[in-house]
Amino acid sequence: MAGRAVEAEAPAKRPKLGPGSTAGTTNGNGPKRMPIEKYQGFLQWYQIPFDDKWPKRSWPEKRVTQAPRWCSVDLRDGNQALINPMNHEKKLRLFCHLLELGYKEIEVGFPAASQTDFDFIRYIIDNGLIPDDVWIQVLTQAREPLIRRTIEGVRGAKNIVLHIYNSTSELQRRVVFKAERAHIKQMAIDGTKLLKQLAESELKENNVRLEYSPESFTGTELDFALEVCEAVCDVWGPTPDNQVILNLPSTVEMCTPNVYADQIEWMCAHVSRRDCVCISLHPHNDRGTGTAAAELALMAGADRVEGCLFGNGERTGNVCLVTLAINFFTQGIDPKVVYDNLDETIKISEFCTELKVPERYPWAGSLVYTAFSGSHQDAIKKGLDALGDKTWEVPYLPIDPQDIGRHYEAIIRVNSQSGKGGIAYLLETEYGIALPKENQAEFAQVVQKITDASGKEIGPKGIWDAFEQSYVTLQEPLCLEDYTLTKGASTEEVHLAAKLRAGGTSCEIEGGGNGP
């Protein structure tokens, strides 16, 4: 995507179709189609120029070998997106759970935005609820009254990240602020100056970091994003020991995830004091690729990721911290957080947010470790049988469910799409009955008829009932009415006397031996 940078104030050319337009929805008398004339490809107007500092993209050749720094923004960015924002009790419960999971950077609120946020932040500080190795992060816009209220809210905390932001995108400059680049840049400079002045005078006994976000970074021309970030760093004066966090958010996901990775690698290559800044990601999920965007951007050199549990957040949500962490775990990389009781995390998240985790949600959904397909069930059964103590390798199960607090008995379930392997697995694990291989196909047909007739799933109890009726309590054509087993003279010999009924006639048989 080589090319020249977008000129400073050249407005992007947008199609002139209003929101109510129906132009392009039909093709003459033909079938209806989507009004594509209203939209423009992102890379038709946005360019990422190669130059001497970034002659080519190198991130596709790289591997991520360690987890990034994590920052949970559930209590602020996630909370603002809820139908019913969390009250004090829910905020406290979620905060304590985030600490249990191992998060060391937690955005706890926007103290100038609401009294609830301000009071909660004061409560966890005044009651000593913040561990010494945890940094609380607070958000504020680059406006003087909000900055002063923010400083008041965090007095007394040991480790503080002051997170300041203003929107820099071409669209918002043109449509929302109707302002030139210089005005937007000055907002960031003035806010940072005041934040530094107040931090130095009122937070002298605290550990303070600055985080700056050029909001809507993905829609901001790279040369301007760099210019504003450099200006903020010039004011704050970061060092390798006290880095500025440059948070480069995909506030709205505007293109494929590889483009976000290019943007991040470009910024890493061009920022003048790379050892004095922490490049942070804040991906959203508008296009459904937030996780991929985060992972590719980490390959591109980012150091830190902000997100929410189960992808909560505005519109389609922020990137999911749970998904990312378990993705690392399944690659043999320590995620530096612990999800060994995922059901408890789901329970707390659903209570606090009043949002359900979908059944098919990555790693966490209730059906994620369930196989209905017969061939899948058979492969899982054989994989578990062959596993032993070696590296986890089971077909269709990229993770051992027990590692996140799930259990094997929920893995295989049976419906009309299932096969003999799953049925045999449930009989053996639930009732200790190991069906001979030649018998599995025969009994699968019995279960198939039941599930075809009902159209529903059949559980282990239903399978056992069908087995019992087919092989145990069967009365015709041959019925076992009674039997006795006695040991013979040799301890290895057993004598059987049985009473059978065949075709309505009873008979007795007997025999002895030491087994088959």
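Fair warning: this is a prediction, and the values are worked out from it, not measured in the lab. Heads up: numbering here begins at 1 and tracks the sequence.
- When only modelled atom types and interatomic distance are considered, Ser213 and His163 share a side-chain donor-acceptor pair under 3.5 Å.
- Annotation: side chain of Thr289 is not in contact with side chain of Tyr260 (no heavy-atom distance under 4.5 Å).
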Exercise. Assess whether salt bridge (Lys or Arg N to Asp or Glu O under 4.0 Å) is satisfied between Lys204 and Glu200, documenting all intermediate values.
Key: CA-CA 5 Å; Lys204 290 184 292 186; Glu200 289 177 346; over 6 Å; no
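- Within the 4.5 Å cutoff, the side chain of Asn285 has no heavy atoms near those of the Val319 side chain.
- Between Arg304 and Glu306, at least one side-chain N (NZ, or NE/NH1/NH2) sits under 4.0 Å from a carboxylate O, which counts as a salt bridge.
- Taking CG of Asn166 as the reference point, atom NE2 of His183 lies at 9.0 Å (rounded to 0.5 Å).
- Salt bridge absent: Asp340 and Arg406 never bring a charged side-chain N and a carboxylate O closer than 4.0 Å.
- How far SG of Cys352 is from CE of Met86: 6.5 Å, rounded to the nearest 0.5 Å.
- Applying the salt bridge (Lys or Arg N to Asp or Glu O under 4.0 Å) rule to Glu152 yields the partners Arg149; only residues at least two apart in sequence or on another chain are considered.
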Exercise. Apply side chain to side chain donor-acceptor pair (under 3.5 Å) to His270 and Asp51, showing your working.
Key: CA-CA 10 Å; His270 286 80; Asp51 56 24; 2.6 Å; yes
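- Asn327 and Trp363 share a side-chain donor-acceptor pair at under 3.5 Å.
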Contacts under 3.5 angstrom, residues 88-98 side chains, donor-acceptor by atom type, not counting sequence neighbours:
residue	atom	partner	partner atom	Å
Lys90	NZ	Phe351	O	3.4
Lys90	NZ	Glu354	OE2	2.8
Lys91	NZ	Leu75	O	3.0
Lys91	NZ	Asp117	OD1	3.0
His97	ND1	Glu100	OE1	3.4
His97	NE2	Thr345	OG1	2.9

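- Val368 places none of its side-chain heavy atoms less than 4.5 Å from the side chain of Tyr361.
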Quiz item: Going through the checks in order, is the side chain to side chain donor-acceptor pair (under 3.5 Å) test met by Glu230 and Ser272?
Solution: CA-CA 8 Å; Glu230 292 281 16; Ser272 63; 2.8 Å; yes
Exercise. Step by step, work out the salt bridge (Lys or Arg N to Asp or Glu O under 4.0 Å) result for Glu205 and Arg155.
Key: CA-CA 9 Å; Glu205 304 302 318; Arg155 285 195 189 98; over 6 Å; no
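- In terms of modelled atom types and a separation under 3.5 Å, the side chain of Arg209 and the main chain of Leu162 share no donor-acceptor contact.
- Between Glu227 and Lys185 there is a salt bridge, since a side-chain N of the basic residue sits under 4.0 Å from a carboxylate O of the acidic one.
- Aromatic ring pairs are classed by plane angle as parallel below 30°, tilted from 30° to 60° and perpendicular above 60°; the pair Trp45 and Phe42 is perpendicular.
- A salt bridge links Lys104 with Asp133; the closest basic N to acidic carboxylate O contact falls under 4.0 Å.
- Of the charged side-chain nitrogens involved, at least one lies within less than 4.0 Å of a carboxylate oxygen, so that Arg69 and Glu105 count as a salt-bridged pair.
- Ion pair Glu265/Lys56 not flagged as a salt bridge, since none of the NZ, NE, NH1 or NH2 atoms sits closer than 4.0 Å to an Asp/Glu carboxylate oxygen.
- Between Pro49 and Trp54 the shortest heavy-atom distance is O-CE3, 3.6 Å.
- To the nearest 0.5 Å, atoms SG (Cys320) and CG (Leu309) are separated by 7.0 Å.
- Residues Ala364 and Ile346 come closest through the heavy atom pair O-CD1, 3.3 Å.
- Counting heavy atoms from C-beta on, the side chains of Leu210 and Val208 never come closer than 4.5 Å.
- Using a 4.0 Å cut-off between a side-chain N of Lys or Arg and a carboxylate O of Asp or Glu, Glu350 and Lys356 qualify as a salt bridge.
- Distance alone, capped at 3.5 Å, places no donor-acceptor pair between the Asn318 side chain and the Gly311 backbone.
- With hydrogens and angles ignored, the 3.5 Å screen pairs a side-chain donor or acceptor of Asn312 with a backbone N or O of Gly78.
- Between Pro283 and Gly290, the closest heavy-atom pair is CB-O, 3.9 Å.
- No donor-acceptor pair under 3.5 Å is formed between the side chain of Asp286 and the backbone N or O of Val252.
- Residue Ile83 holds its CD1 atom at 6.5 Å from CG of Leu355, rounded to the nearest 0.5 Å.
- To the nearest 0.5 Å, atom NZ of residue Lys196 and atom CG of residue Leu203 are 14.0 Å apart.
- The main-chain N or O of Asn247 is never found under 3.5 Å from a side-chain atom of Ser280 such that the two would form a donor-acceptor pair.
- Heavy atoms from other residues, nucleotides or ligands lying under 6.0 Å from NZ of Lys62 number more than 12.
- Atom CD of Gln115 has more than 12 neighbouring heavy atoms from other residues, nucleotides or ligands inside a 6.0 Å radius.
- A donor-acceptor contact shorter than 3.5 Å is absent between the side chain of Asn127 and the backbone of Leu129.
- Inspection of the Asp403 and Tyr339 side chains reveals no N or O donor paired with an N or O acceptor under 3.5 Å.
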Can you give each donor-acceptor pair under 3.5 Å made by side-chain atoms of residues 232-240, sequence neighbours left out, with the distance rounded to 0.1 Å?
residue	atom	partner	partner atom	Å
Asp234	OD1	Arg273	NH2	2.6
Thr239	OG1	Asp241	N	3.3
Thr239	OG1	Asn242	N	3.0

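- In plain terms, the two heavy atoms of Tyr396 and Ser375 that are nearest each other are CE1-O, 4.5 Å.
- For Arg57 and Glu61, the salt-bridge test fails: no basic side-chain N is under 4.0 Å from an acidic carboxylate O.
- Atom CD of Gln172 sits about 6.0 Å away from atom CD of Glu215, to the nearest 0.5 Å.
- Proximity of a side-chain donor or acceptor of Trp392 to a complementary backbone N or O of Leu397 within less than 3.5 Å is detected.
- Between Tyr165 and Phe110, the ring planes are perpendicular. Angles over 60° get that label, and only those under 30° would be called parallel.
- Checked by atom type and distance alone, the side chain of Gln44 pairs as donor or acceptor with a backbone atom of Gly41 at under 3.5 Å.
- Looking only at side-chain heavy atoms (C-beta outward), Phe120 and Asn87 stay at 4.5 Å or farther from each other.
- One N or O on the side chain of Tyr46 and one on the backbone of Thr220 form a donor-acceptor pair closer than 3.5 Å.
- Taking both residues in full, the closest heavy atoms of Pro68 and Val305 are given as CG-CG2, 3.9 Å, listed atom of the first, atom of the second, then distance.
- When atom types are taken as modelled, the side chain of Trp70 and the backbone of Pro335 share a donor-acceptor pair closer than 3.5 angstrom.
- You'll find the side chain of Ile264 stays beyond 4.5 Å of the side chain of Trp59, heavy atoms only.
- Looking only at side-chain heavy atoms (C-beta outward), Arg274 and Ile279 come within less than 4.5 Å of each other.
- A salt bridge links Arg148 and Glu144; the closest N-O separation between the charged side-chain nitrogens and carboxylate oxygens is under 4.0 Å.
- Within 6.0 Å of the NZ atom in Lys193, the count of heavy atoms belonging to other residues, nucleotides or ligands does not exceed 12.
- In plain terms, the two heavy atoms of Leu281 and Ala294 that are nearest each other are CD1-O, 3.6 Å.
- No side-chain heavy atom of Leu321 sits under 4.5 Å from any side-chain heavy atom of Phe310.
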